[in-house]
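First the structure, in the form of structure tokens, and then the observations on it.
A note on names: the letters A, B, ... follow the listed sequences, proteins ahead of strands, and every chain is numbered from 1. Note that the coordinates shown come from a computational prediction; the quantities given were computed from them, not determined experimentally.
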Amino acid sequence: MSQDLQNAWDQLQNNFNRQKIDKEAIMQAITRTSSNPLEKLKKGIKNKMRWVAVFFIASFIIMLLTIQNVRTTAVWCFVLVYLGGSWLYMRHQYNNMTGDLTGNVKLTLTTYYNRVKKVLKFEETVGLVIISISGIIGWTLSSLYKGETFKEIFTDPVSLTFFLIFAVGYGALGTYAARKMNEKAFNEYLEQLKTNIDLLNINDID
Amino acid sequence: MNNTSKQKFTELIQDNTGIINKVLFLYLDDPEDRDDLNQEILFQAWKSYPRFKGNSKFSTWLYKVSLNTVFTYQRKTRKKPEIVEFEEHHEYDDLHESKTDQQNSLLYLIKKLDEVNRMIISLHLDGYKNEEIAEITGLTKNNAAVKLHRIKEKLISKMKGGNL
């Protein structure tokens, strides 16, 4: 019976081999954009990096054009360091997102699962930090340009309420929104990877 | 990569088209997914081609790339493999070849297995030894052998008993 199984398969092989892919189709396929989820996530990070670079340049130009005093310059310098640091962090994430598809299936699936989860976590962190910090910096800068001092800004109840709203409200909201969007886009995919990883981890010897 | 590499790659792919067709056929039912994945496999194979050093046969290497691409692909229509009434066989019509009942039974039963078991049995039926199956899947050799034994037993008993 085992031989029958093999014979049936061998005959099927002929059918699989019969349908050839023509040269044009191969050439077209190798120049397309990948639909691989990791590639899509990479593209998303690349877009964010572009925006951060644009904001960095814009901030630098505004800083030069609006030099007023040491305080505003210090805040602008903080903005530049923050944007530069964010860009480098994103670059690091981007470079780590290589998905080698020539390794064994178990290793590939595990790597994909971990990388996708890591990027989604990163997206949530970005949601948490960017909105909060941008809001706080924006408010601080505008107050400084109005002639207020740091002490006045950070003891003013209106400013403190604003900071609280941004830090807690928008930060939490940003994280929640990012998490929900990621869940909708990737939960099913992560489950798909996890199911097969679990199947590959079952040890049938015991 | 230069034109010679492209030419060589194209020839190798054309010689091994059966592997891609087989993987697509075994793992996907949606024609749109199959078409997209066919192109994705070719794209990933081309992207990874510089890493192919000839340590293994190209067919084995392409098998790995194809399986990894299928397993890491985010399916648009998360349909479970459609379990059609066996008498209908609509699912297998696109092979453009009339098949015997035995071949249809085999295909049907293999497609009913989970994705990992489907991979193990198809590699075995393609002539890969247990250590090669272990190398491709990431299982240990002994675990691959035990799993294979169980899958074969299951398939044979179902084919013998006509329990479809």
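- Proximity to chain A is limited to the side chain of B:Gln7, based on heavy atoms less than 4.5 angstrom apart.
- Annotation for A:Gly103 and B:Asn68: closest pair O-ND2, 2.8 Å, computed over non-hydrogen atoms.
- Proximity to chain A at a heavy-atom threshold of 4.5 Å picks out B:Glu135, B:Ile136 from residues 127-136 of chain B, in numerical order.
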Tell me, with the steps shown, if B:Lys64 and A:Asn104 meet side-chain contact (heavy atoms from CB on, under 4.5 Å).
CA-CA 7 Å; B:Lys64 248 194 234 182; A:Asn104 72 55; 5.5 Å; no
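- Within the 4.5 angstrom heavy-atom criterion, atoms from both the backbone and the side chain of B:Ser122 approach chain A.
- Applying the ring-ring contact (aromatic ring centres under 6.0 Å, His included) criterion to A:Phe122, with sequence neighbours excluded, gives A:Tyr89.
- For B:Phe71 against A:Asn196, the heavy-atom pair with the smallest separation is CD2-ND2, 3.2 Å.
- Proximity to chain A involves both the backbone and the side chain of B:Asp126, based on heavy atoms less than 4.5 angstrom apart.
- Residue A:Asn201 does not touch chain B at all, counting heavy-atom pairs closer than 4.5 Å.
- Between B:Thr72 and A:Leu193 the shortest heavy-atom distance is CA-CD2, 4.1 Å.
- Taking CD1 of B:Ile41 as the reference point, atom CD1 of A:Ile21 lies at 8.5 Å (rounded to 0.5 Å).
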Please step through side-chain contact (heavy atoms from CB on, under 4.5 Å) for the pair A:Leu101 and B:Leu67, ending with a clear verdict.
CA-CA 9 Å; A:Leu101 293 173; B:Leu67 286 168; over 6 Å; no
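- Of all heavy-atom pairs between B:Lys22 and A:Gln13, the closest is NZ-OE1, 2.9 Å.
- Under the 4.5 Å side-chain criterion, counting only non-hydrogen atoms from C-beta, A:Val105 is not in contact with B:Val116.
- When each of A:Lys106, A:Lys40, A:Glu39 is checked for heavy-atom pairs under 4.5 Å with chain B, A:Lys106 comes out on top.
- Within residues 51-61 of chain B, the residues having any heavy atom less than 4.5 Å from a heavy atom of chain A are, in residue-number order, B:Arg51, B:Trp61.
- The two residues A:Asn17 and B:Gly18 make their nearest non-hydrogen contact at OD1-CA, 3.2 Å.
- Closest approach of B:Asn143 and A:Ile202 over heavy atoms only: ND2-O, 3.1 Å.
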Go through the steps for B:Met119 and A:Leu200 under the test side-chain contact (heavy atoms from CB on, under 4.5 Å), then give the verdict.
CA-CA 11 Å; B:Met119 165 172 68; A:Leu200 283 161; 4.1 Å; yes
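- Proximity to chain B among residues 23-38 of chain A is limited to A:Lys23, A:Ala25, A:Ile26, A:Met27, A:Ala29, A:Ile30, A:Arg32, A:Ser34, A:Ser35, A:Asn36, A:Pro37, judged by heavy-atom separations below 4.5 angstrom.
- Heavy atoms closer than 4.5 Å to chain A are found in the side chain of B:Ile20, but not in its backbone.
- Contacts of B:Ile110 with chain A are made by side-chain atoms alone, with heavy-atom separations under 4.5 Å and no backbone atom involved.
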